[in-house]
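Some notes on the structure that comes next.
All values below were derived from every heavy atom in this structure, side-chain atoms included, with hydrogens, water molecules and symmetry-related copies excluded. Numbering of ligands and ligand atoms starts at 1, following listing order.
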Amino acid sequence: MIDANTPPTIGIMGAGQLGMMLAQAGHKLGMTFRFLDPATEIAARGLGEHVCAAYEDIDALEEFSRGLKAITYEFENVPLESVRWLAQRVPLHPQPEALKEAQDRLFEKTFFHGVGIPVPKFSSFFFRDEYDEAIGRIGLPAVLKTRRFGYDGKGQRVIRTAAEANTAFRELNGMPLFLEGFVPFDRELSIIAVRSLEGECRFYPLVENHHREGILRLSIAPAPNLTEQLQKEAEGHARRVMDKLNYVGVLAIEFFIRDGMLFANEMAPRVHNSGHWTIEGAETSQFENHLRAVTGMPLGSTAAKGHSAMVNIIGEFPDLAAVRTMPGVAVHDYGKKPRAGRKLGHVTLTASTMQEVERLRLLLPGA
Ligand code: AMP
């Protein structure tokens, strides 16, 4: 029997590092967790029950959903049909409609445009002659992307010449494609926002992100030279997205900034890598605030405590023992086996000034 003293169990679709950090935050709020993930080796091992089955397996969905207070997901490529099935049985956030918009780059860009957020020029197509027309309209350089299942720079090619356009089309052909104008951005920024069940919105300060080979390497929080006006502009964009979708939970939007103007690149209806710094660097982490939102609790403060830098550990581990001896450092190890391009963990550095964070960052092995 469930009574007021029984800890609420939250279901998470996906048991990778985001699920792991959600559960770590949730345990402090007295929550317990159940994960659904087809992988046998999971980063969230030991942090809750694990239903090890395909996301489409109806029996597994039934078993997973039994007795849960709320369900959420840690990545956007979970099948929409399964999410809709679960949402009919258990309160599920962010709602399937948000997932639908975020799963497909065409829907996403069309949605941003529809709520008045500037985006790069874009065009979708199926056939070769339509591709040529799209290049004619958008011009080169451009970025050819798959509409779905792109992440960490996968499923996209920058094209600068007609020859590169041919090669890229051959390589990505077979999937619905999408062409986007190349934005020679000054920098990349993201905002992590959260909206409660009652519709209250809170925002973390904009973060500056550095990618290499399409993978996030470094986030600096708050973004250097952040003006109040830029922060307000990004908050306005995030608020419009969330209000339109009647969104509940954490939302991340990645922007390019060029000549002071923000262009939305993509959104993630979930906790996000560029918000990991909030564990040590903000009053309330993105993980705690996401759980607060999806379970109907009041939101916590999103204020930064000082300055932070989050450095992803990708492909291979640095000397973690040496890293741990540094002041103001927190090491998060996802317990994964090293593999090229794989996110194995992250390091967050916090200090009272950006200069000190930068000094520490340059001392990191491999910096
Ligand atoms: P995405 O998977 O769309 O987030 O892209 C990964 C990274 O590729 C981005 O963070 C950018 O660094 C780069 N990128 C993607 N789209 C564009 C674009 N339209 N113009 C310039 N760079 C891009």
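- The ligand atoms of ligand 1 that sit less than 4.0 angstrom from a heavy atom of Phe185 are 12 (O), 21 (C), 22 (N).
- Within the 3.5 Å criterion, the main-chain N or O of Pro94 finds a donor-acceptor partner in the side chain of Tyr73.
- Between Gly181 and ligand 1, at least one pair of N/O atoms sits closer than 3.5 Å.
- If you check each of Glu213, His211, Arg212, Glu188 against atom 11 (C) of ligand 1, the one with the closest non-hydrogen atom is Glu188.
- The only option from Gln17, Met310, His346, His276 that meets the side-chain contact (heavy atoms from CB on, under 4.5 Å) definition with His332 turns out to be His346.
- Residues Leu140 and Thr161 fail the side-chain proximity criterion, which asks for heavy atoms closer than 4.5 Å.
- Pro176 places none of its side-chain heavy atoms less than 4.5 Å from the side chain of Thr146.
- Checking only distances, Gly214 never comes within under 3.5 Å of ligand 1, N or O to N or O.
- The side-chain tip of Arg240 does not point at the ring of Phe112 from less than 6.0 angstrom away and within 45° of straight on.
- Against a heavy-atom cut-off of under 4.0 Å, Glu180 is close to the following atoms of ligand 1: 16 (N), 17 (C), 18 (C), 19 (N).
- Looking at Phe35 and Cys52, their side chains never come closer than 4.5 Å, going by heavy atoms from C-beta outward.
- Both tests hold for Arg147 against Phe107: distance to the six-membered ring centre under 6.0 Å, angle to the ring axis within 45°.
- Close contacts between ligand 1 and Lys145 involve ligand atoms 3 (O), 15 (C), 16 (N) [criterion: under 4.0 Å to a heavy atom].
- The option from Glu254, Gln156, Arg105 that lies nearest to atom 13 (C) of ligand 1, judged by heavy atoms, is Gln156.
- Within the set Phe255, Phe256, Phe178, the minimum heavy-atom distance to atom 23 (C) of ligand 1 is found for Phe256.
- At a heavy-atom distance under 4.0 Å, only side-chain atoms of Asn265, from C-beta outward, approach ligand 1.
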